[in-house]
2 protein chains.
Amino acid sequence: MTTPQRDKARRILKDAKLYCTEARIAILQVLMQAARPLRQDQIAERVAGFQPAIRGRNALDTKNALNKVTVYRTLESLIEVSLVHRAFTYQRAWHFELADHCTEHQCNPHFTCTNCGVTHCLTDILLPMAKVSQKGFIVNRQQVRLEGLCPACA
Amino acid sequence: MTTPQRDKARRILKDAKLYCTEARIAILQVLMQAARPLRQDQIAERVAGFQPAIRGRNALDTKNALNKVTVYRTLESLIEVSLVHRAFTYQRAWHFELADHCTEHQCNPHFTCTNCGVTHCLTDILLPMAKVSQKGFIVNRQQVRLEGLCPACA
DNA sequence: CAGGATTTGCAACGGAGTTGCAGATTTTTT
DNA sequence: AAAAAATCTGCAACTCCGTTGCAAATCCTG
Ligand SMILES: [Zn+2]
Ligand SMILES: [Zn+2]
Ligand SMILES: [Zn+2]
Ligand SMILES: [Zn+2]
């Protein structure tokens, strides 16, 4: 029950001076495997599904699921040490992703299809930063959201 | 009980083929006077304060307040005809503003100060549109959010 | 392995948003 | 102007994600 990815997660947590708990290890792994930002309930769902069966239980056993409060607080701690970002809210729910998807002052743009609802990370595109410093604003982070039709729905 | 602004609101509603109800007239006026996007409860609050007597009641009567469901559905109808936009969500609440603050494919960028929480409309700044059309995406709307310190807090 | 620090789960709460429906308001027709 | 049709409004009740308090479980250090 030790994989390269799992070891990597432990290492990351140790470097961040966080307790290496099962919840944090599992959630980190889920986010490392995710192709797009995930809601808390999606994260919980994936943890339950992908977890290599505790004590011989079937992987789909719901007992592998994390409590939603644990997911909530785990994400808070990961955000605190800048390992994770809140990417955006969609339908009143935050979507989370690893912070290493982002540059220091700008997260990758996110495109949400208004037809199928799927969100795509545009990791290879960055807009120039808005020039507002001469007005006295100090920008720490710029976020771009796009809305429209995805290739599949166009 | 007829002002130029009120007449303008009625005219806009008529052009949009919407019923000229007191709620719509009042909310439109509030948004016309707003310097930044407002939450539904802030809109209700301002309607209650500034209203020149809804339904013949005294202007100071707190009963001038609109029910939150009415605010909600009024905004929905105004969005439906593209008079109003949902600008962004902050702390789980949508913030609304007149759509004429925006160009066809891009709303004005919004800057939120992480220290004092105040949001500023950067109406004189527009970022270039992300070029994603060659990937098959059709962009209807681009939104930019900025976070950092405002001039007062810097 | 013991002891203190931290995290987890449960239950209960909070608040913006949402819906059904009866009665009120606005518009259209007569 | 009155009646009829269309639409809107308010109330109450509900959903859902996020949030908090607290006791039990887990994790780290010595
Ligand atoms: Zn699509
Ligand atoms: Zn992303
Ligand atoms: Zn400020
Ligand atoms: Zn604005």
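So that the names make sense, note that chain A is the first sequence line, chain B the second, and so on, each numbered from 1. All values below come from the heavy atoms of this structure, side chains included, with hydrogens, waters and symmetry mates left out.
- Two end axes, each from the C1' atoms of five base pairs, can be drawn for the helix from dC1(C)-dG30(D) to dT30(C)-dA1(D); they diverge by 30°, to 10 degrees.
- Protein atom CD1 of Ile25(B) is 12 Å distant from nucleotide atom C1' of dT25(C), rounded to whole Å.
- Counting only residues at least two apart or on different chains, the ring pair (Phe, Tyr, Trp, His ring centres under 6.0 Å) pairs with a member in residues 122-141 of chain B are Phe111(A)-Phe137(B), His120(A)-Phe137(B).
- The CG atom of Leu66(A) sits 7.0 Å away from the OG1 atom of Thr74(A) when rounded to the nearest 0.5 Å.
- Rounded to an integer number of Å, the gap from NE2 of His95(A) to C1' of dC16(D) is 14 Å.
- Legend: residues meeting ring pair (Phe, Tyr, Trp, His ring centres under 6.0 Å) with His95(A), ordered by chain and number and at least two apart, are Phe88(A).
- Linking ILVMFWY side-chain heavy atoms closer than 4.5 Å, directly or via other members, places Leu127(B) and Val139(A) in a single hydrophobic cluster.
- Among residue pairs with one or both ends in residues 98-114 of chain B, none qualify as salt bridge (Lys or Arg N to Asp or Glu O under 4.0 Å); sequence neighbours excluded.
- A chain of hydrophobic side-chain contacts below 4.5 Å, direct or via other Ile, Leu, Val, Met, Phe, Trp or Tyr residues, connects Met129(A) to Leu122(A).
- Residue pairs satisfying the side-chain hydrogen bond (donor to acceptor under 3.5 Å, both in side chains) criterion with at least one member in residues 142-154 of chain B, sequence neighbours excluded, are listed as follows: Gln106(B)-Gln142(B), Thr112(B)-Arg145(B).
- In this model, the phosphate group of dA16(C) is not approached by any side-chain N or O of Gln40(B) to a distance below 4.0 Å at OP1 or OP2.
- Against DNA chain C, the stretch residues 67-77 of chain B makes heavy-atom approaches under 4.0 Å through Lys68(B), Val69(B), Tyr72(B), Arg73(B).
- Sequence neighbours left out, the pairs with a member in residues 117-132 of chain A that pass salt bridge (Lys or Arg N to Asp or Glu O under 4.0 Å) are Asp124(A)-Lys135(B).
- Ile79(B) places its CD1 atom 10 Å from the P atom of dG17(C), with the value rounded to the nearest Å.
- Scored by the salt bridge (Lys or Arg N to Asp or Glu O under 4.0 Å) test, Arg86(B) finds no partners at all (sequence neighbours excluded).
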Tabulate protein N/O versus nucleotide N/O from nucleotides 26-30 of chain C, keeping only pairs under 3.5 Å, one per line.
unit_1: dT27(C); atom_1: OP1; unit_2: Cys20(B); atom_2: N; d: 2.9

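- Here the P atom of nucleotide dT9(D) and the CD1 atom of Ile27(B) are 8 Å apart, to the nearest Å.
- Taking atom NZ on Lys14(A) and atom P on dC28(D), their separation rounds to 8 Å, with Å as the unit.
- By the side chain to side chain contact (heavy atoms under 4.5 Å, CB included) test, Lys14(B) pairs with no residue at all, sequence neighbours left out.
- Taking a 4.0 Å limit (strictly below) on heavy-atom distances, residues 83-94 of chain B reaches DNA chain D at Arg92(B).
- Spacing between atom CZ of Arg24(A) and atom P of dG9(C) amounts to 12 Å, rounded to whole angstrom units.
- Rounded to a whole Å, the CG atom of Leu66(A) is 9 Å from the C1' atom of dT8(C).
- By the rule that hydrophobic residues join a cluster once side-chain heavy atoms approach within less than 4.5 Å of another member, Val144(B) and Ile125(B) end up as members of one cluster.
- A salt bridge is defined here as a Lys NZ or Arg NE, NH1 or NH2 lying under 4.0 Å from an Asp or Glu carboxylate O, and Arg11(A) with Asp7(A) fails to meet this definition.
- Considering only residues two or more places apart in sequence or on other chains, Leu13(A) meets the side chain to side chain contact (heavy atoms under 4.5 Å, CB included) condition with Leu18(A), Cys20(A), Arg24(A), Ile25(A), Leu28(A), Leu78(A).
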